[in-house]
Amino acid sequence: MSQISFHSPIGEISIAEEDGFLVSIDWGWGSIQEETPLLLQAKQQLNAYFDGELKNFDLPLRPYGTPYQLKIWKTLQTIPYGETRTYQEIAQIAGGSPRSVGGANGANPLPIIIPCHRVVGLKGLGGYSGGDGIETKQHLLNLEQLFKK
């Protein structure tokens with residue numbers, strides 16, 4: 001598995017690739033640093049996203065998860081840039097309950113690219129397990145609102 005790390009507006013991020021597919025994005029600096037063309041492309045696309053220049057990622061993904069998690073993550077990728085959906089709405093589309101959608105969101109190995117930050121509660125933002133938690137989620141949502149046009 002190859003990995004690179006870089007500084008972003010939401011902290012240090014590490015991206016990992018396996019067999020020509022992105023498999024994870026983690027917060028923090030990874031111990032393995034091995035550049036590949038795909039990882040450099042992912043870094044470029046993430047930087048363009050943070051700069052408001054990219055609204056849709058075009059990268060080969062292979063998130064590892066249960067069949068239910070994969071179904072939820074596929075549904076999350078249909079949420080347009082700058083928009084949100086509730087946990088309830090995702091459950092109605094993909095099945096399960098708002099709680100199970102939240103569990104799948106929390107297990108998302110490719111946050112930002114698979115936009116779990118776009119899923120909110122009926123009466124608030126809900127949770128977020130990446131970066132600095134809810135502050136990171138709010139930052140990503142604000143960023144998308146700023147560049148939505």
Side-chain angles (χ1 to χ4, degrees), residues 1-18 21-30 38-149:
M1 185 179 319
S2 300
Q3 181 182 59
I4 61 169
S5 302
F6 67 100
H7 299 283
S8 80
I10 56 172
E12 296 173 340
I13 293 178
S14 295
I15 315 165
E17 170 193 351
E18 185 176 86
F21 294 89
L22 296 183
V23 293
S24 69
I25 295 176
D26 295 302
W27 273 262
W29 203 266
L38 175 58
L39 289 174
L40 292 173
Q41 179 185 17
K43 177 183 174 184
Q44 184 275 329
Q45 285 193 25
L46 282 162
N47 280 328
Y49 167 83
F50 290 125
D51 290 342
E53 299 167 357
L54 181 82
K55 311 259 186 304
N56 297 299
F57 292 96
D58 182 24
L59 298 162
L61 310 179
R62 185 179 287 156
Y64 292 105
T66 67
Y68 178 73
Q69 289 171 330
L70 293 171
K71 189 174 183 182
I72 295 297
W73 300 335
K74 185 173 177 112
T75 303
L76 299 182
Q77 292 177 75
T78 68
I79 304 171
Y81 180 94
E83 295 184 21
T84 60
R85 300 290 182 270
T86 65
Y87 295 96
Q88 179 66 41
E89 288 172 317
I90 298 301
Q92 288 170 344
I93 294 166
S97 68
R99 183 179 298 267
S100 66
V101 169
N105 272 9
N108 177 9
L110 288 160
I112 305 167
I113 294 173
I114 298 177
C116 54
H117 61 279
R118 295 181 189 154
V119 183
V120 297
L122 288 172
K123 297 180 180 178
L125 289 178
Y128 196 71
S129 58
D132 289 328
I134 212 69
E135 288 179 25
T136 299
K137 183 174 188 172
Q138 187 67 66
H139 180 87
L140 294 170
L141 293 172
N142 290 345
L143 174 89
E144 291 186 10
Q145 284 302 305
L146 180 64
F147 294 113
K148 187 177 177 182
K149 300 174 184 171

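Keep in mind that the numbers below use all heavy atoms, side chains included, and drop hydrogens, waters and symmetry copies.
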To the nearest 0.5 angstrom, please state how far the [atom1] atom of [X] sits from the [atom2] atom of [Y].
X: Q41; Y: E17; atom1: CD; atom2: CD; answer: 10.0 Å
X: Q69; Y: I72; atom1: CD; atom2: CD1; answer: 9.0 Å
X: T78; Y: I93; atom1: OG1; atom2: CD1; answer: 6.0 Å
X: L46; Y: F57; atom1: CG; atom2: CZ; answer: 4.5 Å
X: E144; Y: L140; atom1: CD; atom2: CG; answer: 7.0 Å
X: H139; Y: I134; atom1: NE2; atom2: CD1; answer: 14.0 Å

Non-hydrogen atoms of [X] and [Y] that approach each other most closely:
X: V101; Y: G95; result: CG2-O, 4.5 Å
X: I10; Y: W27; result: O-NE1, 3.5 Å
X: I25; Y: P111; result: CD1-O, 3.4 Å
X: G65; Y: L70; result: O-CD1, 3.9 Å
X: S24; Y: D26; result: OG-OD2, 3.5 Å
X: L22; Y: L110; result: O-CD1, 3.7 Å

Is it true that a side-chain atom of [X] and a backbone atom of [Y] form a donor plus acceptor pair closer than 3.5 Å?
X: Q145; Y: G82; result: yes
X: R118; Y: I79; result: yes
X: N108; Y: I114; result: yes
X: W73; Y: A104; result: yes
X: K137; Y: L125; result: yes
X: Y64; Y: P109; result: no
X: Q3; Y: S14; result: no
X: T86; Y: L122; result: no

Relative to each other, are the rings of Y49 and H117 parallel, tilted or perpendicular (30° and 60° limits)?
perpendicular
Report yes if some heavy atom in the side chain of E53 is under 4.5 Å from a heavy atom in the side chain of F147; otherwise report no.
no
Side chains of T75 and R85: does their closest heavy-atom pair fall under 4.5 Å?
no
Within a 6.0 Å radius of atom NZ on K74, are there more than 12 heavy atoms belonging to other residues, nucleotides or ligands?
no
